[in-house]
Amino acid sequence: MSRKDKAVRATRAVETPSNKVKKSAFEPYVDLMPPSEIESRARIALVWRWVWAVLFTMLAAGGIVAAAMYYNENARIDMEKTQNQGFDLLAQIGDLSHVNEVQSDSRNLTNFRQMAMSNHQSFAATIAEIERHLPENSQIVGIRLITGGTLTEQPEKEIGLGILLTVHSATPMDIVELTRSLRTLSWVTLSEGTELLTTTEELSDDFYRYSLQIALNQTIYSKRFVSTEGD
Amino acid sequence: MKPPRRLPARVVINVIGLASIVLIMLVGVMTFAAPQIAEAVSSQRSQKSTEQANSLLLIQLAGLQAAQGEITHIEQELAKLRQQIPASEKLDEVFYEVIKAAEATGAQLLEIRAGTPAPWVARTSDEATALVNRDQSGSETPAAGDTAPAAGGPLSVSITVTVNVPDLSSATRFLDALTNTTRLLGIRSIDINQQSDNLKLFNVSLSLDTFVMPEER
């Protein structure tokens with residue numbers, strides 16, 4: 001809407017269009033505001049509207065900022081509360097540090113013991129079992145035992161004890177017999193005769209001396225120091 | 001009606017008003033609200049991670065509290081372990097065990113020798129394999145030191161023991177006693193040999209390890 005239209009409308013409001021009757025005695029006296037005044041007032045009103053709008057906006061922005069600060073403050077308080085809980089927990093744990101030390105020492109030692117002693121086994125039982133398979137009239141005169149390594153995942157496949165056995169006997173065929181009978185045992189992975197000699201010692205001359213190499217797998221380990229939990 | 005040379009005043013007012021509203025909003029939100037929000041978000045993030053850490057601490061604490069209930073039991077366990085694997089060499093215990101075993105089984109003790117402590121290395125099966133190796137052509141020297149021991153870790157002291165026994169069963173009883181000691185003895189090798197000049201005499205020599213776990217603190 002242009003300025004002129006508005007002015008025209010204002011004139012019509014007082015009924016007589018001045019451009020039709022040029023000179024009249026009845027020309028009514030109309031106190032019309034000059035268009036410049038109308039214009040200026042409208043501008044001032046507009047400015048005021050904007051001033052209010054700006055004030056309102058400032059208020060709104062302030063509100064938003066306040067809300068953000070409130071939100072931030074709450075988050076900070078929550079965080080501090082959680083942190084304090086953490087400090088509290090740490091303090092409580094610190095009070096129990098003795099328990100912790102004892103526990104971790106105990107655990108370390110148990111783990112180490114398991115590693116170091118996993119090849120624990122009863123040599124007496126092994127020797128007794130070999131003696132049980134000895135043919136008659138033969139006896140062990142020498143035995144060398146070397147223990148195997150730490151217990152592995154596959155105890156059946158890994159060597160648990162190496163044996164070098166020396167036996168005196170009256171009959172040479174005993175070496176064959178003993179080697180074969182030892183081979184039948186489940187924990188024997190190798191049994192080989194390696195030597196058959198006649199003894200030169202001051203014993204009766206019907207004595208033979210023979211040697212066997214025997215390997216046992218890790219199933220002979222006692223597992224006494226191996227924890228069943230497996231940690 | 002001429003086209004206006006310059007922008008009408010109202011348009012200018014509208015533009016200025018609108019611009020100041022936008023500016024106020026921008027300044028307010030960007031410079032004041034946004035950092036607050038960013039801070040809040042980072043607070044929340046750190047709170048979340050703290051919560052996670054706390055839940056772990058809580059589990060740890062619960063475990064410790066449960067352990068504290070049976071602390072005497074755990075301490076007894078530790079004391080027992082320390083008898084088996086002491087924090088210092090305490091070789092007197094080893095001598096005690098070996099002498100006691102010899103006395104109990106009637107073995108005639110000839111000698112006990114202790115070596116110096118060395119970092120413990122996990123035992124391998126190489127020696128045992130070499131003893132029964134049928135393939136003598138292959139090199140038997142095991143690659144040593146492939147498991148590098150950590151500093152401050154457990155130590156082992158090698159001990160050699162020699163005794164004389166009258167028969168094989170005495171020898172096995174002596175071995176039995178040595179494998180059931182309080183102070184742990186890890187046996188590496190055993191040699192039992194009948195003396196050629198005296199059939200009633202078996203010489204038993206053992207090579208074994210005793211273990212030491214130094215205190216961490």
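Just so we're on the same page: letters track the sequence lines, and every chain starts at 1.
In this structure, the portions of A:Asn108 lying under 4.5 Å from any heavy atom of chain B include both its backbone and its side chain. Proximity to chain A (any heavy atom under 4.5 Å) is shown, for B:Asn180, by both the backbone and the side chain. Using a 4.5 Å cut-off between heavy atoms, A:Thr110 touches chain B through backbone and side chain atoms alike. With a 4.5 angstrom heavy-atom cutoff, B:Ile21 touches chain A via backbone and side-chain atoms both. Neither the backbone nor the side chain of B:Phe174 comes within less than 4.5 Å of any heavy atom in chain A. Residue contact with chain B, scored on non-hydrogen atoms closer than 4.5 Å, involves the backbone of A:Gln121 exclusively. Only the side chain of A:Phe225 comes within contact range of chain B, judged by heavy atoms closer than 4.5 Å. Contact annotation for A:Arg224: only side-chain heavy atoms (C-beta onward) come within less than 4.5 Å of a heavy atom of chain B. With a threshold of 4.5 angstrom between heavy atoms, B:Asn14 approaches chain A through its backbone and through its side chain. Contact of A:Glu73 with chain B is not made at all, since no heavy-atom distance falls under 4.5 Å. Heavy-atom distances place no part of A:Leu212 under 4.5 Å from chain B, backbone and side chain included. At a 4.5 Å heavy-atom cutoff, A:Leu216 makes no contact with chain B through either its backbone or its side chain. Contacts between A:Met117 and chain B at a heavy-atom distance below 4.5 Å involve the side chain alone, from C-beta outward. Contacts of B:Leu168 with chain A are made by side-chain atoms alone, with heavy-atom separations under 4.5 Å and no backbone atom involved. Heavy atoms of B:Ala67 lying under 4.5 Å from chain A belong to its backbone as well as its side chain.
Side-chain atoms of B:Asn54 do not come within 3.5 Å of backbone N or O of A:Leu89 as any donor-acceptor pair. Here the side chain of A:Gln213 pairs a donor or acceptor atom with the backbone of B:Leu131 at under 3.5 angstrom. Looking at B:Ser125, its side chain does come within 3.5 Å of a backbone N or O of A:Gly149 through a donor-acceptor pair. In this structure, A:Thr147 contributes its side chain and B:Ile187 its backbone to a donor-acceptor pair below 3.5 Å.
Of the residues considered (A:Leu96, A:Leu109, A:Val65), A:Leu109 shows the highest number of contacts with chain B, using heavy-atom pairs under 4.5 Å. With chain A as the partner, the residue from B:Val204, B:Ile13, B:Leu175, B:Leu58 showing the most heavy-atom pairs under 4.5 Å is B:Ile13. Per-residue counts of heavy-atom pairs under 4.5 Å with chain A were compared for B:Val29, B:Asn203, B:Thr172; the largest is that of B:Thr172. Counting heavy-atom pairs under 4.5 Å between each of B:Glu51, B:Glu77, B:Arg82 and chain A puts B:Arg82 at the top. Per-residue counts of heavy-atom pairs under 4.5 Å with chain A were compared for B:Val41, B:Val27, B:Leu178, B:Asn193; the largest is that of B:Asn193. Of the listed residues (B:Lys80, B:Gln195, B:Gln84), the greatest number of heavy-atom pairs within a distance under 4.5 Å of chain A belongs to B:Gln84. Annotation: maximal heavy-atom pairing with chain B below 4.5 Å, among A:Arg113, A:Gln103, A:Met58, A:Lys81, occurs at A:Arg113. Options A:Gly148, A:Ala75, A:Ala61 differ in how many heavy-atom pairs under 4.5 Å they form with chain B, and the most are formed by A:Gly148.
In this structure, A:Glu37 places its CD atom where more than 12 heavy-atom neighbours from other residues, nucleotides or ligands lie under 6.0 Å away. The neighbour count for B:Arg45 CZ, taken as heavy atoms of other residues, nucleotides or ligands under 6.0 Å away, does not exceed 12.
Looking at B:Thr50 and A:Gln85, their side chains never come closer than 4.5 Å, going by heavy atoms from C-beta outward. Looking at heavy atoms from C-beta onward, B:Phe211 lies out of side-chain contact with A:Met115 at the 4.5 angstrom threshold. Side-chain atoms of A:Glu101 and B:Glu215, non-hydrogen and from C-beta on, never get closer than 4.5 Å to each other.
The minimum heavy-atom distance linking A:Ala42 with B:Arg10 is given by the pair CB-NH2, 2.8 Å. The heavy-atom pair separating A:Ala68 from B:Ile37 by the smallest distance is CB-CD1, 3.8 Å. Closest approach of A:Gly162 to B:Val132, counting heavy atoms only: CA-CG1, 4.0 Å. Between B:Leu57 and A:Gly86, the shortest heavy-atom distance links the atoms CD1-O, 3.9 Å. The two residues B:Phe202 and A:Val141 have their closest heavy-atom pair at CE2-O, 4.1 Å. Shortest non-hydrogen contact noted between B:Ala33 and A:Ile64 is CB-CG2, 4.1 Å.
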(Q) Using the rule given for side-chain contact (heavy atoms from CB on, under 4.5 Å), can you reason through A:Ile140 versus B:Ile192, listing the C-alpha separation, both sets of side-chain angles and the distance that settles it, and then say yes or no? (A) CA-CA 9 Å; A:Ile140 297 174; B:Ile192 305 172; over 6 Å; no

Q: Give the intermediate values and the outcome of side chain to side chain donor-acceptor pair (under 3.5 Å) for residues A:Thr82 and B:Gln47.
A: CA-CA 6 Å; A:Thr82 313; B:Gln47 186 196 356; 3.2 Å; yes

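For the atom pair A:Arg76 CZ and B:Ser46 OG, the distance stands at 11.5 Å (nearest 0.5 Å). Note: B:Gln65 CD to A:Ile93 CD1 = 9.0 Å, rounded to the nearest 0.5 Å. In this structure, A:Trp50 CH2 and B:Ile16 CD1 are separated by 10.5 Å, a value rounded to the nearest 0.5 Å. Atom-to-atom distance recorded for A:Asp105:CG and B:Ile74:CD1 is 11.5 Å, nearest 0.5 angstrom. Atoms CG and NE2, on B:Leu185 and A:His120 in that order, are 9.5 Å from each other to the nearest 0.5 Å. Interatomic distance, B:Gln76 CD to A:Ser106 OG, rounded to the nearest 0.5 Å: 11.5 Å.
The only member of A:Ile159, A:Ile146, A:Leu190 that meets side-chain contact (heavy atoms from CB on, under 4.5 Å) when paired with B:Thr129 is A:Ile159.
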